[in-house]
Q: 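Shown below is the structure under consideration.
No experiment lies behind these values; they were computed from the predicted model shown. Throughout, residue positions are numbered sequentially from 1 according to the sequence presented.
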Amino acid sequence: MQAKYINKATDLAKELITKAVSKKDIVVDATVGNGNDTLFLCDLVGEKGKVIGFDIQDMAIKKTEEKLKDKNMMARVFLINSGHENLKNYVDTEVSAIMFNLGYLPGGNHDITTNYETTLQAIKQGIDLLKKNGIMTIVIYPGHSEGREEKKRLLEYLCTIDQKQANVLKMEFINQINNPPLLVVIEKK
Ligand SMILES: C[S@@+](CC[C@H](N)C(=O)[O-])C[C@H]1O[C@@H](n2cnc3c(N)ncnc32)[C@H](O)[C@@H]1O
């Protein structure tokens with residue numbers, strides 16, 4: 001049965017991103033996947049904004065392009081078939097939001113998944129690029145072995161971020177079975 005307000009880490013991420021993003025903003029989708037978050041961000045930034053999206057899978061980029069073409073939104077997106085660990089090679093401006101939806105592509109090859117080393121590199125670069133009061137959301141999936149390791153390693157790092165630089169919040173269901181996804185939110189100060 002669905003609750004009314006707190007169901008999924010991904011929905012909570014979207015609520016916080018919505019608060020931080022205005023029309024014309026530049027934002028990053030660090031894990032494009034099936035393009036659902038890219039589409040959501042395209043809506044938020046409007047036709048004068050820009051969404052920069054990364055995915056290592058050509059299939060993810062192509063599927064997302066199709067989705068955006070259908071909605072006539074290609075002009076507001078820049079899709080990059082490369083790892084988010086290369087973020088700063090492509091983005092040299094401040095951004096108001098960055099979304100990470102980690103793990104593997106639903107419906108795709110489950111062996112191709114994010115891993116903590118490259119995710120950490122991307123998070124560090126992303127924090128540098130966030131503008132004041134910019135928001136980064138990171139949805140972590142500890143239900144598979146790579147995801148469990150990723151959760152452990154990312155939390156070890158995220159706890160050490162200087163509170164003068166950013167607030168870091170962890171939102172985790174504590175009464176659900178099967179290792180549900182958790183959300184970490186970072187707001188740059
Ligand atoms: C859970 S899916 C993302 C779902 C997506 N946000 C959506 O709305 O459908 C995770 C994605 O991360 C991608 N990925 C894995 N490693 C990556 C990396 N180093 N850089 C960018 N994307 C990566 C995978 O290919 C996969 O498509």
Q: Using side chain to side chain contact (heavy atoms under 4.5 Å, CB included), reason through Arg76 and Val51 one step at a time and then give a plain yes or no.
A: CA-CA 6 Å; Arg76 60 183 89 169; Val51 180; 5.6 Å; no

Q: Could you check if a side-chain atom of Met59 sits within less than 4.5 angstrom of a side-chain atom of Leu105, using non-hydrogen atoms only?
A: yes

Q: Can you pull out every side-chain hydrogen bond (donor to acceptor under 3.5 Å, both in side chains) where at least one residue sits in residues 7-25? Sequence neighbours excluded, please.
A: Asp25-Ser96

Q: Considering non-hydrogen atoms only, spot the tightest contact between Ala20 and Ile135 and give its length.
A: CB-CG1, 3.5 Å

Q: Where do Gln125 and Asn86 come nearest, in terms of heavy atoms and distance?
A: OE1-C, 4.0 Å

Q: Do you know which two heavy atoms are closest between Ala122 and Leu87, and how far apart they sit?
A: O-CD2, 3.9 Å

Q: Are Ile161 and Leu102 linked, directly or through other ILVMFWY residues, by side chains that come within less than 4.5 angstrom of each other?
A: yes

Q: If hydrophobic clusters are built by linking Ile, Leu, Val, Met, Phe, Trp and Tyr wherever their side-chain heavy atoms come under 4.5 Å apart, do Met73 and Ile17 end up in the same one?
A: yes

Q: I want to check something: taking the side chain as every heavy atom from C-beta on, are Lys170 and Leu183 in contact at a cut-off of under 4.5 Å?
A: no

Q: Enter the distance from Leu155:CG to Ile140:CD1 here, rounded to the nearest 0.5 Å.
A: 5.0 Å

Q: I need the full list of salt bridge (Lys or Arg N to Asp or Glu O under 4.0 Å) pairs touching residues 176-188, with sequence neighbours left out, sorted by first then second residue.
A: none

Q: Walk me through whether Ile123 and Met136 qualify under side chain to side chain contact (heavy atoms under 4.5 Å, CB included).
A: CA-CA 9 Å; Ile123 290 173; Met136 179 187 295; 4.0 Å; yes

Q: Are a donor atom and an acceptor atom from the side chains of Asp29 and Thr38 found within less than 3.5 Å of each other?
A: yes

Q: Which heavy-atom pair separates Pro181 from Pro142 by the least distance, and what is that distance?
A: CA-CD, 4.0 Å

Q: Can you tell me if CG on Asn72 sees more than 12 non-hydrogen neighbours from other groups inside 6.0 Å?
A: no

Q: Apply side chain to side chain contact (heavy atoms under 4.5 Å, CB included) to residues Ile186 and Asn167 and explain how you reach the verdict.
A: CA-CA 6 Å; Ile186 301 176; Asn167 276 350; over 6 Å; no

Q: Provide the full list of ring-ring contact (aromatic ring centres under 6.0 Å, His included) pairs with a residue in residues 148-182, sequence neighbours left out, each pair given once.
A: none

Q: Less than 3.5 Å apart, any donor N or O on the side chain of Lys67 or Asn34 sitting next to an acceptor on the other?
A: no

Q: What's the shortest heavy-atom distance between Ile6 and Ala3, and which atoms?
A: O-CB, 4.0 Å

Q: Could you give all pairs that pass the ring-ring contact (aromatic ring centres under 6.0 Å, His included) test and reach residues 66-89, with sequence neighbours left out?
A: His84-Phe100

Q: Is Leu169 reachable from Val139 through a run of I, L, V, M, F, W or Y residues, each pair having side-chain heavy atoms under 4.5 Å apart?
A: yes

Q: Residues two or more places apart in sequence or in another chain: which of them pass ring pair (Phe, Tyr, Trp, His ring centres under 6.0 Å) with Tyr90?
A: Phe54

Q: Does Ile26 reach the side chain of Val45, with side-chain heavy atoms less than 4.5 Å apart?
A: no

Q: Show every salt bridge (Lys or Arg N to Asp or Glu O under 4.0 Å) that has at least one partner inside residues 38-63, sequence neighbours left out.
A: Asp58-Lys62

Q: Which pairs, with at least one residue in residues 136-160 and sequence neighbours excluded, count as a salt bridge (Lys or Arg N to Asp or Glu O under 4.0 Å)?
A: Glu149-Arg153, Lys151-Glu172, Lys152-Glu156

Q: Output every pair passing salt bridge (Lys or Arg N to Asp or Glu O under 4.0 Å) with a member in residues 82-110, not counting sequence neighbours, ordered by first then second residue.
A: Lys88-Asp128

Q: Is atom CD of Gln163 surrounded by more than 12 heavy atoms (other residues, nucleotides or ligands) closer than 6.0 Å?
A: no

Q: Met74: what forms a side chain to side chain contact (heavy atoms under 4.5 Å, CB included) with it, not counting sequence neighbours?
A: Glu65, Leu68, Lys69, Val77

Q: With a 3.5 Å cut-off and no angle check, do the side chains of Tyr141 and Asn179 form a donor-acceptor pair?
A: no

Q: Let me confirm one number: the CG-OG1 distance from Leu154 to Thr114, rounded to the nearest 0.5 Å.
A: 8.0 Å

Q: Looking at residues at least two apart in the chain, or sitting in another chain, which of them share a ring pair (Phe, Tyr, Trp, His ring centres under 6.0 Å) with Tyr104?
A: His110, His144

Q: So, for Val21 and Ala97, which heavy atoms are closest and what is the spacing to 0.1 Å?
A: CG2-CB, 3.5 Å

Q: Linking I/L/V/M/F/W/Y whenever any side-chain heavy atoms sit under 4.5 Å apart, do Leu158 and Leu182 land together?
A: yes

Q: With sequence neighbours left out, write down each residue that passes side chain to side chain contact (heavy atoms under 4.5 Å, CB included) with Asn175, or none if nothing qualifies.
A: none

Q: Report whether Leu79 and Leu44 are members of the same hydrophobic cluster (ILVMFWY, side-chain heavy atoms less than 4.5 Å apart, transitive linking).
A: yes

Q: Which residue pairs satisfy the ring-ring contact (aromatic ring centres under 6.0 Å, His included) criterion with at least one member in residues 1-51, sequence neighbours excluded?
A: none

Q: Dump the intermediate steps for side chain to side chain contact (heavy atoms under 4.5 Å, CB included) on Ile52 and Val27, then the final yes or no.
A: CA-CA 6 Å; Ile52 305 159; Val27 300; over 6 Å; no

